[in-house]
Amino acid sequence: MTLTSRQVLQWLPQRAPIVMVDGAQQVGENYYALLTIMPDNWFVEGEQLLESGIVEHQAQAVAVCLGLRTKQQGTKETSQIGFIAEVKNLSITRLPNVGETLTTLITYTTAVDNIIFIQATTTCNDEHIAESQIKIFLPS
């Protein structure tokens, strides 16, 4: 399943100019979020996306991919607000440039009660550029 930029908005509380996902797709058991970096992006300085933009993209990727996953499983048709409880082991090896597209793989590692543990891995032009572990709290 693939989501367009308009469809991803159903899973995000953010709106322009801070929307950091413009597409999503499920390939087998894997969930991916996409972002093509535009010059007017809120997190662009000069010709590069800042570190904070990569982290925000990963966080929004979690929301969109979680929404896509729950929709595919047939458990929920509307968005659920979640809160970032923790971002750890963040590693960024390079900043992407305007015009490049980020692809972030969201891997659900485990869930305990209302907390989901996620691994986010971001590539750009098939080059690994960032990863983090994100803990999300989903209130009942």
Side-chain angles (χ1 to χ4, degrees):
M1 173 178 225
T2 300
L3 297 178
T4 65
S5 59
R6 185 174 192 171
Q7 291 171 315
V8 299
L9 292 177
Q10 74 178 326
W11 305 108
L12 290 175
Q14 293 85 355
R15 293 294 176 257
I18 305 186
V19 174
M20 296 296 290
V21 174
D22 59 15
Q25 59 188 11
Q26 177 188 8
V27 179
E29 295 294 316
N30 295 322
Y31 295 88
Y32 299 89
L34 310 169
L35 174 67
T36 299
I37 303 164
M38 305 306 287
D40 62 346
N41 184 294
W42 186 272
F43 295 96
V44 166
E45 186 172 285
E47 291 293 312
Q48 291 187 314
L49 184 69
L50 299 172
E51 291 91 342
S52 56
I54 294 171
V55 173
E56 183 62 27
H57 165 70
Q58 287 186 341
Q60 289 185 30
V62 169
V64 170
C65 291
L66 181 60
L68 182 57
R69 181 176 173 225
T70 57
K71 183 175 184 175
Q72 289 293 89
Q73 293 173 342
T75 57
K76 200 165 185 67
E77 286 292 324
T78 60
S79 64
Q80 179 178 8
I81 300 295
F83 301 96
I84 297 173
E86 180 179 42
V87 175
K88 68 180 189 177
N89 298 326
L90 173 64
S91 171
I92 298 173
T93 57
R94 87 164 173 92
L95 298 178
N97 297 311
V98 168
E100 292 186 307
T101 299
L102 303 181
T103 302
T104 297
L105 169 64
I106 298 300
T107 305
Y108 301 89
T109 58
T110 190
V112 177
D113 295 325
N114 291 8
I115 301 195
I116 299 173
F117 298 86
I118 294 161
Q119 175 74 35
T121 304
T122 302
T123 59
C124 183
N125 298 324
D126 295 323
E127 175 189 359
H128 179 272
I129 67 162
E131 67 183 338
S132 67
Q133 295 171 335
I134 304 172
K135 188 185 306 182
I136 301 292
F137 171 71
L138 297 171
S140 320

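Just so you know, these numbers come straight off a predicted model, no measurement behind them.
- Annotation: side chain to side chain contact (heavy atoms under 4.5 Å, CB included) contacts of A63 (sequence neighbours excluded): L12.
- Within a 6.0 Å radius of CG in D113, other residues, nucleotides and ligands contribute 12 heavy atoms or fewer.
- Checked by atom type and distance alone, the side chain of Y108 pairs as donor or acceptor with a backbone atom of L66 at under 3.5 Å.
- No chain of hydrophobic side-chain contacts below 4.5 Å, direct or via other Ile, Leu, Val, Met, Phe, Trp or Tyr residues, connects Y32 to V8.
- When the side chain to side chain contact (heavy atoms under 4.5 Å, CB included) test is applied to I92, the partners found at least two apart in sequence or on another chain are E51, I54, L90, L95, A130.
- Applying the 4.5 Å side-chain rule to ILVMFWY residues, one finds that M38 remains a lone member of its cluster.
- Using a distance-only test at 3.5 Å, with no hydrogens or angles considered, a donor-acceptor pair links the side chain of R15 to the main chain of L9.
- A 4.5 Å side-chain heavy-atom check between L3 and W11 finds at least one atom pair inside the cut-off.
- A single hydrophobic cluster is seen to contain both I118 and L68, as judged by linkage of ILVMFWY side chains at heavy-atom distances under 4.5 Å, directly or through other members.
- Between Q7 and T2 there is no side-chain heavy-atom pair separated by less than 4.5 Å.
- In terms of the side chain to side chain contact (heavy atoms under 4.5 Å, CB included) criterion, residue partners of L34 (sequence neighbours excluded) are, by chain and number, D22, T103.
- T121 has its side chain out of reach of T107: every pair of non-hydrogen atoms, C-beta onward, lies at least 4.5 Å apart.
- A pairwise comparison of heavy atoms in S132 and V87 identifies CB-CG1, 4.1 Å as the closest pair.
- By the rule that hydrophobic residues join a cluster once side-chain heavy atoms approach within less than 4.5 Å of another member, V112 and F137 end up as members of one cluster.
- The hydrophobic clustering, which links ILVMFWY residues whose side-chain heavy atoms are closer than 4.5 Å, places L50 and M20 apart.
- Note on residues 82-107: pairs passing salt bridge (charged side-chain N to carboxylate O under 4.0 Å, His left out), not counting sequence neighbours, are E86-K135, R94-E100, R94-E127.
- Judged as a side chain to side chain contact (heavy atoms under 4.5 Å, CB included), and not counting sequence neighbours, the contacts of T93 are S91, I129.
- The closest side-chain heavy-atom distance from I136 to I84 is below 4.5 Å.
- Residue R6 qualifies as open at atom CZ: its count of foreign heavy atoms under 6.0 Å is 12 or below.
- Taking both residues in full, the closest heavy atoms of F83 and P139 are given as CE1-CG, 3.6 Å, listed atom of the first, atom of the second, then distance.
- Checked by atom type, the side-chain pair T104/H57 shows a donor-acceptor distance below 3.5 Å.
- Hydrophobic clustering (side-chain heavy atoms under 4.5 Å, transitive across Ile, Leu, Val, Met, Phe, Trp, Tyr) keeps L105 apart from L49.
- Shown here for I134 and A120, the closest heavy-atom pair between the two residues is CD1-CB, 4.2 Å.
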